[in-house]
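Heads up, the thing below is written out as structure tokens.
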Amino acid sequence: MKSESRTPRGDLRTSRWLRQIGIPAASLALLSGCERVAEPKFVVSPEVAALDAQLQQAVQQHLAAQTGTPVRPKLLGAEPEAFGGEIKLNAHLQHGAEVYRQNCQQCHGPSGDGAGPAAEYLSPKPRDYRKGVFKFTSTGYGNKPRREDLVRTVTRGVTGTSMPSFARLEKKDLDAVVDYVLALTHRGELEILLAAQADSDGELTDDGVQELAQSIVDQWRAADEQIVEPVVKMPAFTPESVAKGQEIFQKRECFKCHGRDGRGGLAGGIEVGVDAWGQKTAAADLTSGMLHGGNLPVDVYRRIHAGINGTPMPAFKDILAADPDATWYLVHYVLQLSDQRRHGVQFPAAVEPKPAPPVALDNPAEEESAQ
Ligand code: HEC
Ligand code: HEC
């Protein structure tokens, strides 16, 4: 106990100081009177809550042994040597949890379930990490992101959504918070696997739990070999390359979801279904000038080539395999589209105008239960 609490104390003190000068309003509740904040707890997932009491307890115990608690988090598969030993690894994760509580929790929730207090007002919803599904990856459809992908998203933010850029964080804080997000993600993934195993076998064995934990670690490690690199170099960006892209956009029926003019759901109430998180979704408005996944040519290439995890946006890598330049032409067309409003191109009013976000609170029952 002693050695564990010695290292983080310095960090706690610094962050208290930071809170004091940074966001005094938010810190008041934490600082008023008490030295120690009541220990935060993770929310139990519905899959676990559906089990009988004994199995629930077994899941909770194994889960805590593998992935820790909000105050003493553990990261599945982390190699202490890479962090300079066990004590430093623990301090790193505890620091990550602290940075998370200050910057991310209000949207993503203390358990990483995307259900923080701000979430009900946001569209799209903050990511529920527990499914282990991420959209803006450099890996193919269905694969885990690489750690760099998460670092990039957190640094840049997701343009056009409420996910802010955290470029202002120091590298130490950014690294720690990304590892804490990974810890929450792995915890969520393991929780669902353990619940399923407990439900089917009526018990959990140490070996069984170990195997499930390892399967998560293996999938995440594999992501480093699944990076999508363009097959050919980008051709020159010319009026002709854009025109070719426009042709392919129509021929490959991108318009079925994105609309003839690229404005997606806005342009004509096109239904594309729900995403992996159960939210009604729409094809991106490619004319908005706010590409969520980034506006570098390679970002757009990856979205088209590999699709977008957890959403109806399919991968076109096989469909376009015969013509290696085709994906780049589409990239040119998308980039051109997304730049048009800036150059004064007017789009007619949307067929079905939608109220601007934040979404209206039209369900008083929900409003009440959230308080
Ligand atoms: C104001 C709300 C808000 C805050 C604060 C916030 N996020 Fe997000 N975050 C979002 C939303 C909304 C999305 C989903 C964007 C989408 O689906 O396109 C998101 C998505 C993400 C994703 C998933 C990206 C992907 O590829 O799927 C990660 C990782 C993430 N946030 C990390 C963080 C971290 C780390 C912090 C704190 C340092 C943070 N967020 C703070 C709203 C927020
Ligand atoms: C089945 C419906 C569907 C089809 C077909 C489709 N898309 Fe999409 N597309 C989507 C959805 C849904 C999203 C938004 C995903 C999200 O939630 O972020 C999207 C997002 C995108 C994005 C990312 C935009 C951003 O903000 O970063 C690009 C680029 C894109 N689509 C291009 C294309 C191209 C090019 C084609 C044809 C080759 C195509 N799409 C076909 C549904 C579709």
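Order of listing sets the numbers, starting from 1, for every ligand and every atom in it. All heavy atoms count here, side chains included; hydrogens, waters and symmetry mates do not. Numbers here simply count residues along the sequence, with the first being 1.
- Between Gln106 and ligand 1, no pair of N/O atoms sits closer than 3.5 Å.
- Residues Pro297 and Met234 come closest through the heavy atom pair CB-SD, 3.7 Å.
- When each atom of ligand 1 is checked for a heavy atom of Asn103 under 4.0 Å away, the hits are 5 (C), 37 (C), 38 (C), 41 (C).
- In the displayed structure, Glu170 atom CD is contacted under 6.0 Å by at most 12 heavy atoms of other residues, nucleotides or ligands.
- Residues Tyr100 and Gly109 approach most closely at OH-O, 2.7 Å, considering heavy atoms.
- Scanning both residues, Tyr141 and Ala315, for their nearest heavy atoms gives CB-CB, 4.4 Å.
- Using a 4.0 Å heavy-atom cutoff, Tyr100 is absent from the residues neighbouring ligand 1.
- For a distance bound of 2.8 Å, the N, O or S atoms of Ser162 include none lying that close to atom 8 (Fe) of ligand 1.
- With ligand atoms numbered from 1 in the order given, ligand 1 contributes 24 (C) to contacts under 4.0 Å with heavy atoms of Thr153.
- Heavy-atom contacts of Phe166 reach the following atoms of ligand 1: 36 (C), 37 (C), 38 (C), 39 (C), 41 (C) (cutoff under 4.0 Å).
- Test Lys131, Arg130, Lys144 against Glu189 for salt bridge (charged side-chain N to carboxylate O under 4.0 Å, His left out) and you get one pass: Lys144.
- Between Leu89 and Pro80, the shortest heavy-atom contact is CD2-CA, 4.1 Å.
- For CD of Glu148, the number of neighbouring non-hydrogen atoms (other residues, nucleotides, ligands) closer than 6.0 Å is greater than 12.
- Scanning all heavy atoms of the two residues, the minimum distance from Val154 to Met163 falls at CA-CE, 4.0 Å.
- Residue contact check: Pro164 has heavy atoms under 4.0 Å from atoms 3 (C), 4 (C), 6 (C), 7 (N), 43 (C) of ligand 1.
- At a cut-off of 2.8 Å, Cys107 does not coordinate atom 8 (Fe) of ligand 1 through any N, O or S atom.
- Heavy-atom proximity to Val181, at under 4.0 Å, picks out these atoms of ligand 1: 35 (C).
- Only one option out of Trp220, Tyr129, Tyr180 pairs with His186 in a ring-ring contact (aromatic ring centres under 6.0 Å, His included); it is Trp220.
- Between Phe316 and His305, the distance from one ring center to the other does not fall under 6.0 angstrom.
- Any N or O atom pair closer than 3.5 Å counts here, and His108 shares at least one such pair with ligand 1.
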List of N/O pairs, ligand 2 versus protein, all under 3.5 Å?
unit_1, atom_1, unit_2, atom_2, d
ligand 2, 7 (N), His258, NE2, 2.9
ligand 2, 9 (N), His258, NE2, 2.9
ligand 2, 17 (O), Lys135, NZ, 3.0
ligand 2, 18 (O), Lys135, NZ, 3.4
ligand 2, 26 (O), His292, N, 2.7
ligand 2, 27 (O), His292, N, 3.2
ligand 2, 27 (O), Gly293, N, 2.9
ligand 2, 31 (N), His258, NE2, 2.8
ligand 2, 40 (N), His258, NE2, 2.8

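- Proximity of Ala118 to ligand 1, defined as any heavy-atom pair under 4.0 Å, is not found for any part of the residue.
- In the displayed structure, Gln54 atom CD is contacted under 6.0 Å by at most 12 heavy atoms of other residues, nucleotides or ligands.
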